[in-house]
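The structure appears right after this line, and notes come after that.
Every chain is numbered from 1 and lettered A, B, ... according to where its sequence line falls, protein lines coming before strand lines. Heavy atoms only: backbone and side chains are in, while hydrogens, waters and symmetry mates are out.
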Protein chains: 4
Amino acid sequence: MAPLQCLTFRVPMDSPADVSGLAALFDCGALRPDEVAAVLGKTEGNGCVNDFSRGYATVSLRALLVERGLSPDQARRTPMVMSGGVEGGLSPHFVVFATRPAGKPDGEAALAIGVALTRVFEATEVGRMAQVLETARAVRAAMASAAIHSVADVHLVQIKCPLLTQHKLNLAHGRGLAAVTDDTYASMGFSRGASALGVALALEEIEEAALSDAAVCREFGLWSGRASASAGSELDHSEIIVLGNSHAWAGPDQIQHAVMRDGIDVGAVHDILGTFGITPRRQLDEAQMGRIKAVIAKAEPSRDGRIRNSRHIMWDDSDINPTRHARALVGGVLASVIGCTDLFVSGGAEHQGPDGGGPIAIIASRPPA
Amino acid sequence: MAPLQCLTFRVPMDSPADVSGLAALFDCGALRPDEVAAVLGKTEGNGCVNDFSRGYATVSLRALLVERGLSPDQARRTPMVMSGGVEGGLSPHFVVFATRPAGKPDGEAALAIGVALTRVFEATEVGRMAQVLETARAVRAAMASAAIHSVADVHLVQIKCPLLTQHKLNLAHGRGLAAVTDDTYASMGFSRGASALGVALALEEIEEAALSDAAVCREFGLWSGRASASAGSELDHSEIIVLGNSHAWAGPDQIQHAVMRDGIDVGAVHDILGTFGITPRRQLDEAQMGRIKAVIAKAEPSRDGRIRNSRHIMWDDSDINPTRHARALVGGVLASVIGCTDLFVSGGAEHQGPDGGGPIAIIASRPPA
Amino acid sequence: MAPLQCLTFRVPMDSPADVSGLAALFDCGALRPDEVAAVLGKTEGNGCVNDFSRGYATVSLRALLVERGLSPDQARRTPMVMSGGVEGGLSPHFVVFATRPAGKPDGEAALAIGVALTRVFEATEVGRMAQVLETARAVRAAMASAAIHSVADVHLVQIKCPLLTQHKLNLAHGRGLAAVTDDTYASMGFSRGASALGVALALEEIEEAALSDAAVCREFGLWSGRASASAGSELDHSEIIVLGNSHAWAGPDQIQHAVMRDGIDVGAVHDILGTFGITPRRQLDEAQMGRIKAVIAKAEPSRDGRIRNSRHIMWDDSDINPTRHARALVGGVLASVIGCTDLFVSGGAEHQGPDGGGPIAIIASRPPA
Amino acid sequence: MAPLQCLTFRVPMDSPADVSGLAALFDCGALRPDEVAAVLGKTEGNGCVNDFSRGYATVSLRALLVERGLSPDQARRTPMVMSGGVEGGLSPHFVVFATRPAGKPDGEAALAIGVALTRVFEATEVGRMAQVLETARAVRAAMASAAIHSVADVHLVQIKCPLLTQHKLNLAHGRGLAAVTDDTYASMGFSRGASALGVALALEEIEEAALSDAAVCREFGLWSGRASASAGSELDHSEIIVLGNSHAWAGPDQIQHAVMRDGIDVGAVHDILGTFGITPRRQLDEAQMGRIKAVIAKAEPSRDGRIRNSRHIMWDDSDINPTRHARALVGGVLASVIGCTDLFVSGGAEHQGPDGGGPIAIIASRPPA
């Protein structure tokens with residue numbers, strides 16, 4: 001593969017339909033539509049079943065790409081992983097990944113990206129081994145497309161996976177088939193969980209023998225430290241984005257990751273910053289913040305209803321969904337150190353990190369030599 | 001006044017009716033019912049108009065005090081400032097302040113507490129100068145009762161103030177009277193705002209000439225750096241708790257405060273910790289955490305919808321009230337440094353700190369000599 | 001048994017703590033505290049897990065009874081079935097049932113009431129046969145206490161049953177035990193469902209052989225047309241109120257019931273009104289309304305997401321719980337005919353009527369001879 | 001004008017992006033894209049500020065029209081009035097109005113439609129006389145386009161009007177301008193209110209002299225019995241649809257209206273049905289229901305917090321917005337009589353009918369001669 005560079009742009013969003021930030025990047029020449037490799041979006045819906053901000057943003061972005069010259073099919077094949085929910089102080093934004101030909105790599109591993117799609121999942125496959133195995137296959141395909149050859153060089157696998165709507169459930173029931181759950185909200189967790197186990201399998205964090213239908217969303221000791229999955233009603237297959245470092249790529253940026261043990265484990269953030277040679281005094285200063293390209297983290301309520309022995313009420317709150325609380329919490333914890341709020345914190349970390357914690361990855365420029 | 005010591009206990013709560021933690025303190029002899037001077041509670045309701053967790057907790061606490069020997073009147077006169085809302089990862093808990101005779105003060109100023117009640121407010125007084133002036137009077141009375149003679153020694157004035165329920169509004173309308181607002185939720189802000197201006201007046205942060213009915217919840221350049229007000233439907237007057245340091249008191253603890261400039265201004269926390277000689281590496285370690293007795297902070301969405309130039313959606317979210325988002329955010333920011341979640345973060349910081357920020361106070365033991 | 005009369009009072013409520021309506025009945029001599037047999041309350045919380053309006057109302061009512069001369073134990077043994085949720089236009093209110101000695105019955109069956117308590121349920125029993133069987137036993141005991149000898153004379157069995165809080169679940173997990181669900185909100189449905197099956201068993205609507213742990217909240221073809229169950233976190237046992245007609249009782253009132261086939265089956269209401277000789281033209285007129293003492297109904301979203309072939313969104317809404325939508329709908333349907341909004345509509349009708357429908361009972365005075 | 005017929009199609013919706021129902025009408029030849037005159041949609045968002053289901057549905061419908069041959073400009077000029085919120089049991093659906101050349105009118109007035117757009121409103125104009133007057137002008141233009149010459153023949157004016165987002169407010173503040181309110185949710189009410197007063201002015205229900213900036217959302221004695229306004233963030237001008245009966249139109253359908261005095265005034269529904277010669281026994285039977293083409297109503301909480309003297313909690317609920325409760329209630333009341341749930345009930349009836357009530361219109365086929 002000819003050397004490529006992966007660029008990362010953080011673009012604010014005034015509403016799910018607001019693509020003016022990306023349009024401006026096109027207009028000023030910073031980016032060409034055909035260079036867009038994938039988009040992660042933090043949109044302002046509830047992040048749950050009836051969150052239409054995700055689909056609306058996806059449609060709006062794809063319309064922009066077509067307006068700027070991509071074919072409808074090209075636009076449709078560009079992964080758009082929208083994660084709803086900007087609770088607390090999080091800021092709606094897109095993280096746009098672009099690839100372009102680069103000069104000769106400088107000998108340092110650089111940020112690399114690969115994408116793949118799974119096939120469409122049946123309602124009966126969601127949350128079960130069929131989804132796990134197909135996801136693992138697609139992760140390996142995405143790694144190959146990124147020229148990342150060692151699983152150790154993968155630092156984040158971002159997945160957008162489907163959920164079971166009432167409509168899909170009715171169709172399955174009509175054919176006498178049983179889904180893993182009949183609760184649409186619960187199905188989001190199963191889909192994220194199976195996706196994460198697929199990542200763990202592909203990245204050799206877990207052996208296939210340890211996995212089964214029964215393990216999904218039950219054996220939470222099984223987890224990936226690099227999976228980040230979001231479920232949405234706007235698609236029937238999964239979209240996979242693999243991010244890692246590769247000597248086949250060029251450019252100043254790298255990605256690193258760590259695992260938060262719980263929702264307030266700010267030490268994980270410091271660990272990652274340390275790998276970039278960044279030591280915040282209290283909060284990143286302006287120069288340090290300038291080196292940060294994107295922060296991507298998962299958030300989840302601990303199942304025992306405790307954070308370091310103090311009770312949280314996320315599971316008992318029937319007005320605000322647990323994932324909404326968790327995103328707000330982790331958003332605050334990260335903003336405390338990073339000093340900004342356009343952070344990609346997505347909720348629902350089933351099999352993504354330990355109970356109550358989750359993976360976190362940071363893309364930043366390498367320290368000056 | 002004979003020397004007193006003010007003790008601070010943080011007590012977890014399993015539900016608004018759970019007073020078993022305080023009962024256990026009584027049972028083990030750590031505390032006597034007649035020593036309870038005031039209680040701050042972070043309860044698990046929505047913190048808005050129809051939050052019954054506050055009244056329920058208050059009733060439950062008072063019933064316990066009566067069961068343990070206080071007269072109903074004594075129980076009723078003990079300030080109980082319940083603040084609803086433990087969004088994000090915050091943990092429901094009580095902060096119990098107790099006073100008891102102490103040996104001779106050791107020459108260092110020690111934590112001191114004073115309480116006072118305002119008279120009952122008419123619906124037409126809430127959010128107006130009548131509430132401001134009466135609050136200021138009561139703050140001065142509470143200072144005197146705490147033997148705090150200089151306003152500089154006051155570090156927090158916690159107030160529980162009334163709101164306008166639909167019932168109170170109807171009564172006022174029936175008499176042809178206009179309240180400051182006809183929106184029950186909005187009335188919470190007006191009541192908190194007038195209370196805070198009353199504190200600012202008493203603490204000489206603002207001159208009376210600068211204040212007027214029209215200034216309340218409009219001229220937000222006027223604020224107190226030490227007021228913390230919560231509104232609730234369960235009372236018609238205000239309860240005032242003044243916390244400061246005084247040479248007339250004994251004991252190992254002190255209180256210090258700072259003002260957060262915005263919702264992610266973690267520097268304010270570090271500033272306070274610094275006055276106690278505490279420098280967290282990433283997060284407080286166990287020994288440092290052992291010195292912290294209580295953390296009390298205000299949270300508020302910035303009015304321009306921005307946090308350091310990134311958009312937040314707190315004002316545009318019609319599913320979750322703005323104060324709920326703000327508490328979640330500030331809770332995460334504080335937990336990031338303090339390393340625990342039983343933090344008293346209350347929402348709605350009108351005239352309490354600058355727009356989008358708010359006062360924060362920490363009670364901790366003085367550094368070992 | 002010496003002849004008794006069962007009186008029904010509908011009392012408005014300004015907040016969960018407002019017992020002034022009942023106090024006024026005591027004050028004016030309409031009712032004596034020791035005559036109160038049971039209270040149904042429609043309180044203004046969310047009707048879900050973290051609804052503290054139920055417990056708060058119960059505590060407030062019991063405090064009133066004690067203040068008016070009942071012993072704490074008598075007050076505690078008076079069933080208080082609080083059902084949270086007054087969505088749409090429903091009005092918070094209590095339905096107070098009182099019994100007092102009466103003259104000789106006039107030969108017509110009159111409204112009769114019987115109450116009973118179950119034993120405390122373990123977390124592992126909730127939603128399983130243990131709860132079904134113990135509930136059936138208590139229903140039979142309540143029938144006996146009401147001198148209702150035929151199951152055909154029972155028209156409503158109102159039950160307040162426990163739910164699984166996170167705390168109870170943690171205790172069970174700690175002992176290595178599995179509850180029927182680990183989701184606190186879902187546990188409400190299991191508890192209501194097992195309670196309803198217990199009623200169906202006691203009223204001979206279903207044979208015991210048809211029942212099993214696996215049937216609860218799965219085999220929805222099994223249902224009672226006279227059960228109405230509400231779950232709450234404020235109790236660990238169940239409270240049972242049996243309402244029927246008996247020749248052993250005196251008084252002008254009777255109770256009748258029907259089953260709504262779906263959420264908009266207003267025909268069921270007309271059927272019941274017809275048994276009382278009431279035919280509304282468009283809506284009850286004043287004279288007709290004066291004969292209605294109480295309306296008690298269950299509401300539930302249909303599982304297939306449809307009402308007569310049109311889609312509803314109750315299951316897909318992650319902001320408002322399904323039972324909240326269902327109560328609002330049925331409240332509107334009933335108010336349309338009855339012409340008032342202080343109707344006891346409780347949500348979650350698992351095994352209470354057919355899918356999407358539910359039992360409805362009306363207490364009214366018999367037609368003038 | 002050559003005789004036209006106005007056809008009304010009710011089309012279900014599986015999600016805001018689901019336009020398959022309209023596509024199917026095109027496919028089967030029932031309707032041509034260029035015949036679509038206007039669409040009313042009841043979408044499944046929260047109906048408040050951050051309801052993106054409205055914009056998403058609009059974009060999806062316009063994309064379909066373009067895909068089926070309309071020019072983007074034609075599609076953009078077709079009024080699409082999306083009203084969010086299907087609380088209770090309401091069903092998401094579109095009401096599609098189409099016009100096509102017809103034979104000679106038969107001497108009976110037939111359903112007629114006219115549309116118009118206002119100019120774009122400045123943030124400072126929303127909720128003030130500028131909006132009132134421009135709306136009145138556009139209503140008159142729409143009447144003329146419908147060949148309705150007498151205001152008595154207008155039975156509904158449906159308006160989609162803009163709201164003030166935080167973004168618009170910030171721009172106004174930046175220019176030193178004050179909007180009618182700084183609360184985005186409150187701005188929806190002001191915009192609906194000013195729109196309704198514009199209708200009242202155009203329909204000669206109110207004289208211009210009675211109107212002023214100060215009257216909007218304050219003098220609620222001023223109202224239109226035929227206005228129905230919905231606010232949304234997806235447009236900056238207003239879209240006006242006038243529906244009435246005209247001898248210049250042909251076809252079997254007519255529209256009639258009445259005014260609900262309060263949220264449970266089912267008599268208004270019976271009144272309208274009576275004008276069509278329809279007398280429901282308990283609920284419309286199949287034949288009667290077959291004659292109903294569309295039901296369009298407004299819902300609103302009464303300002304004094306009462307429905308016929310019983311308290312409602314719509315204003316005190318900080319979890320669910322008042323308009324959401326009101327839609328659920330009125331939806332239930334209407335479904336009770338009409339017997340279906342695909343009813344267009346929109347919330348927020350400021351100056352649209354009396355306090356707590358609102359206009360209702362029904363389109364149905366004339367009785368057989």
Can you tell me how far the [atom1] atom of [X] sits from the [atom2] atom of [Y], to the nearest 0.5 Å?
{"X": "A/S310", "Y": "B/H93", "atom1": "OG", "atom2": "NE2", "answer": "8.5 Å"}
{"X": "B/I313", "Y": "A/D14", "atom1": "CD1", "atom2": "CG", "answer": "13.0 Å"}
{"X": "B/C340", "Y": "A/N309", "atom1": "SG", "atom2": "CG", "answer": "11.5 Å"}

field: Proximal component of B/S15, with respect to chain A [non-hydrogen, under 4.5 Å]
entry: backbone
Any idea which of [options] has the most non-hydrogen atom pairs under 4.5 angstrom with chain A?
{"options": "B/P301, B/G267, B/G263, B/A299", "result": "B/G267"}
{"options": "B/S302, B/G88, B/G305, B/G339", "result": "B/G88"}
{"options": "B/H312, B/R281, B/H270", "result": "B/H270"}
{"options": "B/G332, B/P280, B/P322, B/P92", "result": "B/G332"}
{"options": "B/A328, B/S91, B/A326, B/P12", "result": "B/S91"}

- request: Indicate yes or no: does B/R311 engage A/D18 in a salt bridge with an N to O separation below 4.0 Å.
  value: no
task: Identify whether the distance between the nearest side-chain nitrogen and carboxylate oxygen of B/R308 and A/D342 falls below 4.0 Å.
output: no
field: Shortest non-hydrogen separation from B/S336 to A/V337 and the atoms involved
entry: OG-CG2, 4.2 Å
message: Quick check: do B/I320 and A/R324 have side-chain heavy atoms less than 4.5 Å from each other?
response: yes
task: Take A/T341 and B/I264 through the side chain to side chain contact (heavy atoms under 4.5 Å, CB included) test and state the conclusion after the steps.
output: CA-CA 9 Å; A/T341 55; B/I264 63 174; 4.2 Å; yes
query: Does the side chain to side chain contact (heavy atoms under 4.5 Å, CB included) test come out yes or no for A/E87 and B/M314, once each step is laid out?
result: CA-CA 8 Å; A/E87 297 83 2; B/M314 306 191 205; over 6 Å; no
query: Hey, mind stepping through B/D271 and A/R282 against side chain to side chain contact (heavy atoms under 4.5 Å, CB included) and telling me if it holds?
result: CA-CA 10 Å; B/D271 285 343; A/R282 295 167 158 197; 2.8 Å; yes
- request: Heavy-atom pairs under 4.5 Å with chain B are the metric here; pick the option from A/L90, A/D265, A/D262, A/I307 that has the most.
  value: A/I307
